[in-house]
Amino acid sequence: MYSVFVVDDEPIVLEGIRSKIDWESSGFIFAGEAGDGEIALSMLHEVKPDILITDIKMPFMDGLELAAAVKRIQPWIKIIILSGHDEFDYAKKAISIGIEDYLLKPFTPDELLKSLQKTASQIDKERKQLSDISRLKEELKSTEALKKKEFLNNLVHGAENMSDVMQKSQELHMNLISRFYKVLISRIKSRTDNIQNQEESCSLLNSYSASWESAECFFHHSNLLVCIFKGSTREELDESIFHAAEAIAHIATKNDDCTVLTAIGKTVEHLSQLGLSYADAKKILSMGGKEEKNRIISSEDLEEGLDSDSNSAATGILDLKENDPLVDRLKYAGKNDISAIIDESMELIRNNPGQFSVFASYLLVDLIFAVSKLVEKLGGDIKELKPEILQRKFIDDAVGDEKDFRSKVEQVLSFALEYRDSKMTGKYGDVILKAKRYIEEHYADQNTTLTQVAEAVALSPNHFSTIFSQECKTTFIEYLTNVRLENAKRLMRETEMKGYDIAYECGFSDPHYFSYIFKKNTGLSPREYKLSF
C-alpha cells in the first residue's frame, strides 16, 4: 500500500480526489489533505506519505515552493503536479525540481489512478535499486568513497591534522565551513538478526543521506550511520538534525524487521571539537540499551535544564558521577539490559569461588550506591523512595544464595529504571501539558498546525514533533485529529447542530473531509453516529 497526501485550494477538487478513487482496492491509502502549501508542509512532516499530489497555484505557499521544500527534506516522497491550461511555465519549473508526473486540469479519476500507478511503479523500482546491497558494497569500495570515509572518520575521532582539513575537504568536494556542528549516530538493527534486512535498510539510508545538503555522512561498521551536521545558527542546526533523525527512522523502518536508535551529540563551534560531539553521541548509543523500539536521544535533551537547585534537578539528567561506569550505564540502560547487568555480576562472583557472600555484598552495595546517586541527581531521596534497600537486612537477605541475589538486584535495577524513566518523561511534562492545553484552546482553528504549537512551547517543529510522538505514543496530527473528533462527538450528543456546522466548529475546513475522517476513525458516518443516541 502507498500513502497519498493531496494539496489543493479548491475544496471541490479535494473532494473529487478523495471520494472518486477506491483507494484501498487500488493499493493506495488516502493519508490526508490540506488547502495550501504552508499548512501541508507542517502536516507532511508528520504524515510522511509516499506520494504527494499538489496543485501548482495556491495562496501562502504555492505548489512549486512546496515541491522544492519536500524534495529537500523528504526526498523519498514522489510528487504529482496538478496544473491548469495557463500554468505551463509553472509546470516546466516543477519538472526541473524533479516531479514524477504532471496532470492537466480537468482530469478524470481514471487518469489520476493511472498516474498514481505509474508513480507507484517508480517507487518500487527505486526502492529495489536503492536497497541493492551489492550496489552499496561497490559504492563503499570506490576510491573516492573510501577516501571520504577515512577523512570523516579521522575528523570525528580527532585524528585529522586540522591545518589540512580545509584543503582535504575541498579535494573531496565537501564544504565543512559553518558556525555550529553536531554529530549524529544511528544504529540500525534487525529484530530477528536477519543481516539481509539490515543491509537493505542501510543501503536505503546510504542513498538518501547523500542528498542532505547540511550533512556529511558515512557508515562506520556495517550498521552505524555517522553524520556531521552543520548550521549557521543553533536553531537551524537543531531543526535539520531532528528532521534527519526522524527521516532516518522512517526510511530504515520501511522494513518492519528493523529498528533504529539515533544518538545526537552536543553542539560544538569548531571542527576541532567534533570529537567531543562524536564521543557524546557514541556514549549515548553504547548506553542506549537493546530494546527493540525506535528512539531518538539527544545529549542536550538529557543535560539541559539542570542547575544546583533540587527542584530543577528533577527535570532532567546531568553528569551523575564522573568516571563511574555503573552510574553512567543506568542513565541510558533499558529494561532488557537488567539481565545482562545481573549476568555480569554473577560472572564476577563465579570467578571467585568460595567467596559468594563477600563479592555479592560488595556488588549489591555498589549498585545501591549508584542508584542512590542517580535518584539524588534526579531530585529524589532514596531514603524516602526506597528506604528498605538501605537496610542491612536487605543485603543479608540477598547474599544467601544465587537466586536471592538475582532477585534483589533485579528489584533494585527495576526501581532505578522506572524512576529514571518517570523523570525523563517529567522533563518534558510541562512542554507536553502546555502543547495539549494549546490544542484544547485552538483545535477549532483550521490553521492550527504543528509549527504553531511548537512555537507556543518554544521548540523547533522537528524537535517538538520528536518529543511529542515519543512522550505521547502518537503523532501530533493523530492527537489533534482525535481532539477534534471527540469534540465533534460531544456536539452531536449535546446539540442539534448540523453536521457541516459541527465540522467547521471543530476545525475541519471541509465537511466532506470531516465525514470521511469521522467514518474512517469510528466506523460510522456522522449521521449514523448522531442517530445512535
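Please read these numbers as outputs of a predicted model, since none were measured by experiment.
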Exercise for the section: Could you tell me whether the side chain of Val457 reaches within less than 4.5 Å of the side chain of Phe468, counting heavy atoms only? Expected result: no

Practice task
Could you pull out the closest heavy-atom pair between Ala416 and Val371, with the gap in Å?
Solution key: CB-CG2, 3.7 Å

Handout entry: Minimum side-chain heavy-atom gap Leu450-Ile477 below 4.5 Å
Key = no

Problem - Under 3.5 Å: donor-acceptor pair, side chain of Thr253, backbone of Cys258 - result: no

Handout entry: Distance in Å, Ile341 CD1 paired with Leu417 CG, rounded so as to fall on 0.5 Å steps
Key = 7.0 Å

Practice task
Determine whether Ile342 and Leu413 make a side-chain contact, defined as any pair of heavy atoms from C-beta on separated by less than 4.5 Å.
Solution key: yes

Practice task
Without swapping roles, check the side chain of Tyr278 against the backbone of Gly158 for a donor-acceptor pair under 3.5 Å.
Solution key: no

Practice task
Measure across Leu44 and Pro49 and return the closest heavy-atom pair with its distance rounded to 0.1 Å.
Solution key: CD2-CG, 3.5 Å

Handout entry: Test log, rule salt bridge (charged side-chain N to carboxylate O under 4.0 Å, His left out), inputs Glu376 and Lys383
Key = CA-CA 10 Å; Glu376 179 185 337; Lys383 295 176 183 177; over 6 Å; no

Problem - Donor-acceptor contact below 3.5 Å, side chain Glu46 vs main chain Ser465 - result: no

Handout entry: Charged N-O contact under 4.0 Å between Arg191 and Asp256
Key = no

Exercise for the section: Answer yes or no: is there a donor N or O on one side and an acceptor on the other, between the side chain of Ser407 and the main chain of Lys403, under 3.5 Å? Expected result: no

Problem - Contacts of Lys386 that satisfy salt bridge (charged side-chain N to carboxylate O under 4.0 Å, His left out) - sequence neighbours left out - result: Glu388

Exercise for the section: Check each of Glu455, Glu239, His243 against Ser460 using the side-chain contact (heavy atoms from CB on, under 4.5 Å) test, and report the only one that passes. Expected result: Glu239

Exercise for the section: Considering only NZ, NE, NH1 and NH2 on the basic side and carboxylate oxygens on the acidic side, decide whether Lys393 and Asp397 come within less than 4.0 Å. Expected result: yes

Practice task
Please round to the nearest 0.5 Å and tell me the distance separating atom CG of Asn223 and atom CD of Glu199.
Solution key: 9.5 Å

Handout entry: Trp76 side, atom CH2; Lys254 side, atom NZ - distance, nearest 0.5 Å
Key = 7.0 Å

Handout entry: Main-chain N/O of Gly265 paired to Ser299 side chain as donor or acceptor, under 3.5 Å
Key = no

Handout entry: Flag for Asn197-Ser190: side-chain donor and acceptor within less than 3.5 Å
Key = no

Exercise for the section: Say whether Asn487 and Arg490, considering side chains only, have a donor N or O and an acceptor N or O under 3.5 Å apart. Expected result: yes

Handout entry: Interatomic distance, Asn153 atom CG to Lys148 atom NZ [nearest 0.5 angstrom]
Key = 13.0 Å

Handout entry: Close side-chain approach of Met174 to Leu152, heavy-atom, < 4.5 Å
Key = yes

Problem - Derivation of the side chain to side chain contact (heavy atoms under 4.5 Å, CB included) call for Ile264 and Phe242 - result: CA-CA 9 Å; Ile264 300 172; Phe242 273 98; 4.1 Å; yes

Exercise for the section: Without swapping roles, check the side chain of Ser277 against the backbone of Val268 for a donor-acceptor pair under 3.5 Å. Expected result: no

Problem - Asp401 with Arg406: basic N within carboxylate O range, under 4.0 Å - result: no

Problem - Heavy-atom side-chain proximity of Leu480 to Val453 below 4.5 angstrom - result: no

Practice task
Using salt bridge (charged side-chain N to carboxylate O under 4.0 Å, His left out) as the criterion, list what pairs up with Asp404, not counting sequence neighbours.
Solution key: none

Completion exercise
Note: Phe405 and Ser345 closest approach over all heavy atoms is CE2-CB, 4.2 Å

Handout entry: Heavy-atom side-chain proximity of Lys168 to Glu160 below 4.5 angstrom
Key = yes

Completion exercise
Between the NE2 atom in His45 and the OG1 atom in Thr475, the distance rounded to the nearest 0.5 Å is 10.0 Å

Problem - Taking every non-hydrogen atom, the tightest pair across Pro75 and Tyr208 - result: CG-CD2, 3.9 Å

Problem - Contacts of Glu235 that satisfy salt bridge (charged side-chain N to carboxylate O under 4.0 Å, His left out) - sequence neighbours left out - result: none

Handout entry: Carboxylate-amine/guanidinium contact Lys489 Glu486, below 4.0 Å
Key = yes

Exercise for the section: May I ask you to decide if Tyr438's main-chain N or O and His442's side chain share a donor-acceptor pair within less than 3.5 Å? Expected result: yes

Problem - side chain to side chain contact (heavy atoms under 4.5 Å, CB included) assessment of Asp124 paired with Tyr2 - result: CA-CA 10 Å; Asp124 289 339; Tyr2 307 87; 2.6 Å; yes

Practice task
With the side chain counted from C-beta on, respond yes when Phe151 and Phe218 share a heavy-atom pair under 4.5 Å apart, and no when they do not.
Solution key: no

Practice task
Write down the atom of Lys520, the atom of Ile29, and the distance for their closest heavy-atom approach.
Solution key: NZ-CG2, 4.5 Å

Exercise for the section: Might you point out which heavy atoms bring Leu271 and Met166 nearest each other, and give the distance in Å? Expected result: CD1-CE, 3.4 Å

Handout entry: Donor-acceptor side-chain pairing of Asn194 and Asp257 below 3.5 angstrom
Key = no

Exercise for the section: List the steps and the verdict of side chain to side chain contact (heavy atoms under 4.5 Å, CB included) for Gln273 and Lys266. Expected result: CA-CA 10 Å; Gln273 298 174 320; Lys266 64 180 70 176; over 6 Å; no

Exercise for the section: Say whether, by atom type as modelled, one donor and one acceptor occur between the side chain of Glu236 and the main chain of Ser232 under 3.5 angstrom. Expected result: yes

Handout entry: Lys147 bridged to Glu171 by N-O distance under 4.0 Å
Key = no

Handout entry: Main-chain N/O of Asn294 paired to Thr259 side chain as donor or acceptor, under 3.5 Å
Key = no

Handout entry: Side-chain heavy atoms of Arg484 within contact of Thr448, under 4.5 Å
Key = yes

Problem - Inter-residue atom distance Ser214.OG - Phe229.CZ, 0.5 Å rounding - result: 5.0 Å

Handout entry: More than 12 heavy atoms from other groups under 6.0 Å of OH on Tyr362
Key = no

Exercise for the section: Could you go through the side chain to side chain contact (heavy atoms under 4.5 Å, CB included) check for Leu485 and Thr522 one step at a time? Expected result: CA-CA 9 Å; Leu485 289 175; Thr522 66; 5.6 Å; no

